[in-house]
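Below, each value reflects all heavy atoms present in this structure, side chains not excepted, and no hydrogens, waters or symmetry copies. Positions are given from 1 along the sequence. We count ligands from 1, going down the list as the structure has it; atoms in each ligand are counted the same way.
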Amino acid sequence: MIKDLVQDDALLATPCEPATTADAAVAIDLVDTLASLDEAVCLAANQIGITKAVVAYQDDKGQTHVMYNPKLLMGLSSSKLTESCLTHEEETSVTRFAKIKVAYDELDGGVLKSHRRDFTGWIAQMIQHMIDHCKGKLV
Ligand SMILES: [Zn+2]
């Protein structure tokens, strides 16, 4: 279901609880809402009002992926960037890694399975932005 985006800083600043298999409906809402937004390539669950650590993003082929409980394990070559956010008005200066290693869960056959993956470039930047959202950090 397509949800409204949250602009409430207090809600966006609340750290998200770990997501479980019970949050499959949240993931579907995230994917639906992301697909309804022309300019957006990623969305965290608290941006649609649910403080669970679930995020969705589109890769460079336009394919949508869902991550449960994404965690940054390692980052290489940091640099200062300016970032904008769907649910935050001003652009903010942030430090982002060009290469990251992320641990996350994926719902597969009704259970959450852990994965580890490396990301680079703008997808790495976007995932760091999403992980910040899960921590309740506003860029
Ligand atoms: Zn954002």
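- Counting all heavy atoms, side chain and backbone alike, Cys42 lies closest to Met126 at SG-CG, 3.4 Å.
- Among the backbone and side-chain atoms of Cys85, an N, O or S atom lies under 2.8 Å from the Zn ion (ligand 1).
- Shown here for Val54 and Ala19, the closest heavy-atom pair between the two residues is CG2-CB, 3.5 Å.
- Side-chain atoms of Asp59 do not come within 3.5 Å of backbone N or O of His65 as any donor-acceptor pair.
- Between Thr33 and Leu5 the shortest heavy-atom distance is CG2-CD2, 4.4 Å.
- With respect to the Zn ion (ligand 1), His129 has NE2 as its nearest N, O or S atom.
- Distances from the Zn ion (ligand 1) show that His133 has an N/O/S atom below 2.8 Å.
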